[in-house]
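Okay, structure first, notes after.
When reading the values below, keep in mind they use all heavy atoms of this one structure, side chains included, and skip hydrogens, waters and symmetry mates. Every chain is numbered from 1 and lettered A, B, ... according to where its sequence line falls, protein lines coming before strand lines. Since we're looking at a predicted model, the values are computed, not measured.
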Number of protein chains: 2
Amino acid sequence: MIRSDAVRNRMRVLQAAEEVLDEQGLSARMDEIARRAGVGVGTLYRHFATKEALYQAIVMARIDLLLDEAARLRSTGDPQTAFFAFFSKIVADAKRKKALTDALHSAGTDIKAEQSSRHAAMLDAIAGLLRNAQNAGAVRSDVAMPEVLALLRGASMAAETGDYSAPVLQRSLAILYDGLRVVSA
Amino acid sequence: MIRSDAVRNRMRVLQAAEEVLDEQGLSARMDEIARRAGVGVGTLYRHFATKEALYQAIVMARIDLLLDEAARLRSTGDPQTAFFAFFSKIVADAKRKKALTDALHSAGTDIKAEQSSRHAAMLDAIAGLLRNAQNAGAVRSDVAMPEVLALLRGASMAAETGDYSAPVLQRSLAILYDGLRVVSA
DNA sequence: CTTCAACCGGAATCACGATTCCGATTCTAT
DNA sequence: ATAGAATCGGAATCGTGATTCCGGTTGAAG
């Protein structure tokens with residue numbers, strides 16, 4: 001039988017970790033997370049063997065939400081806007097929830113199994129939206145995934161710094177989107 | 001009288017620091033810099049009171065080079081391309097020489113006197129090139145500095161990760177530039 | 001060729017967080 | 001109510017890298 005307090009604490013830890021990681025990114029301290037969860041660090045470590053593991057859990061949950069959103073956009077919205085909407089969604093997420101960006105992209109480094117599967121799913125989702133948008137003539141046909149990912153990464157990272165206001169970010173994205181649509185020059 | 005060996009060592013330290021910081025960014029270790037300079041850490045610290053100070057020295061030197069480049073472009077090249085050339089120059093610099101990006105931009109944080117003067121000069125240089133480009137009709141007139149800085153920051157950060165090949169970065173910038181030129185949508 | 005202040009090298013010290021350990025506390029089952 | 005396994009809390013421990021210290025060296029001046 002699983003102890004009820006263990007369940008409660010795990011939930012608290014997860015919630016506190018999400019808050020703190022979103023606010024401070026990877027540099028957040030374990031103490032802070034434990035304190036915010038009203039729990040000792042020992043408890044925190046019993047639930048998540050390492051800071052990295054905790055981080056992964058949070059990030060993967062968030063990626064799942066994004067994947068849902070992608071699916072929704074693919075069916076609901078029209079292909080003309082779905083792609084840009086999802087792009088914006090990711091950037092907005094990066095702005096509010098720090099430390100998602102690197103995990104979201106991350107080329108090399110040490111990727112675990114589950115993590116890499118989410119990663120692949122994410123790439124598929126983006127590729128799908130891109131293809132639809134291109135078929136619908138909403139995005140120029142000469143852009144491929146690598147460029148899109150690089151641009152997405154840059155936009156996310158800039159947003160993550162928190163140095164730019166929402167309107168400025170909005171205008172920046174608008175410029176970027178114009179570039180993705182344009183055919184001539 | 002300043003000892004000749006002291007002068008020699010200072011130069012070595014500076015050179016080694018530049019190499020190491022460019023390769024590894026802020027996370028470079030002082031030991032490594034000292035070793036690379038063929039000097040003890042003690043010597044390193046006599047010349048630069050802190051890692052931060054050393055970092056500042058390197059970054060400011062690099063910013064000066066960029067400022068020279070900006071001046072050259074403003075006089076030599078035509079306004080049509082000067083702006084984009086400088087933008088690319090900064091991004092290329094970020095790719096090769098890591099850990100310049102944050103210092104180059106950096107909104108809040110603790111800025112020292114000299115540092116902030118360079119920072120202001122940099123902003124002026126970019127603003128000047130942007131204005132010229134807009135007057136020449138090379139850049140849409142409805143974009144302002146904030147957006148440009150945000151885009152520059154994003155591009156620099158993405159380049160800095162080293163996850164994207166030169167061709168991909170090139171294509172990404174091309175898309176961005178198209179967005180900056182476009183008038184319609 | 002002395003002298004000695006400035007300069008060196010690098011071991012020792014500090015600082016800061018992550019992670020471990022273990023006695024004290026609960027839960028759950030009987 | 002009671003046992004005892006699972007779970008707690010948080011002090012102590014580790015690891016990593018920046019910074020300090022100080023006995024030994026070395027260049028410059030007389």
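Contact annotation: B:N9 side-chain N/O to C:dC8 OP1/OP2 distance is under 4.0 Å. A sub-4.0 Å separation between OP1 or OP2 of D:dT7 and a side-chain N or O of A:H47 is absent. Considering only side-chain N and O atoms, B:T43 lies nowhere under 4.0 angstrom from the phosphate OP1 or OP2 of C:dC7.
Every residue two or more places apart in sequence or in another chain that forms a side-chain hydrogen bond (donor to acceptor under 3.5 Å, both in side chains) with A:D78 is listed here: A:T81. Applying the side chain to side chain contact (heavy atoms under 4.5 Å, CB included) rule to A:A127 yields the partners A:R131, A:M145; only residues at least two apart in sequence or on another chain are considered. Qualifying side chain to side chain contact (heavy atoms under 4.5 Å, CB included) partners for B:A28, counting only residues two or more places apart in sequence or in other chains: B:V20, B:L21, B:Q24. Contacts of A:M11 classified as side chain to side chain contact (heavy atoms under 4.5 Å, CB included), with partners at least two apart in sequence or in another chain: none. Residues passing the side-chain hydrogen bond (donor to acceptor under 3.5 Å, both in side chains) test with A:R62 are A:E18, A:D22, sequence neighbours excluded. Residues satisfying the side-chain hydrogen bond (donor to acceptor under 3.5 Å, both in side chains) criterion with B:Y177, sequence neighbours excluded, are B:S88. Checked against side chain to side chain contact (heavy atoms under 4.5 Å, CB included), A:D64 has the following partners two or more places apart in sequence or in another chain: A:L67, A:R118.
For the helix from C:dC1-D:dG30 to C:dT30-D:dA1, the terminal axes (five pairs an end, C1' atoms, rotation from four pairs onto the next four) enclose an angle of 0°, given to 10 degrees.
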Listing time: all N or O pairs from protein to nucleotides 17-21 of chain D that are below 3.5 Å?
residue, atom, partner, partner atom, Å
D:dG17, OP2, B:R29, NH1, 3.1
D:dA18, OP1, B:A28, O, 3.3
D:dA18, OP1, B:K51, NZ, 2.8
D:dA18, OP2, B:M30, N, 3.0
D:dT19, OP1, B:T50, OG1, 3.2
D:dT19, OP2, B:Y45, OH, 2.9
D:dT19, OP2, B:K51, N, 3.1

Could you run down the sub-3.5 Å N/O contacts of the protein with nucleotides 27-30 of chain C?
residue, atom, partner, partner atom, Å
C:dC27, O4', A:R3, NH1, 3.3
C:dT28, OP1, A:S4, N, 3.4
C:dT28, OP1, A:S4, OG, 3.4

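Side chain of B:K89 to backbone of B:A70: no donor-acceptor contact under 3.5 angstrom is found.
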Could you tabulate the donor-acceptor pairs under 3.5 Å formed by side-chain atoms of residues 33-46 of chain B, not counting sequence neighbours?
residue, atom, partner, partner atom, Å
B:R35, NH1, B:E32, OE1, 2.6
B:R36, NE, B:E32, OE2, 3.3
B:R36, NH1, B:E19, OE1, 3.0
B:R36, NH1, B:E23, OE2, 3.4
B:R36, NH2, B:E23, OE1, 3.1
B:R36, NH2, B:E32, OE2, 3.3

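Rounding to whole angstrom units, CG of residue A:L44 and C1' of C:dG17 are separated by 13 Å.
Identified under the side chain to side chain donor-acceptor pair (under 3.5 Å) test for residues 4-14 of chain A, with sequence neighbours left out: A:R3-A:D5.
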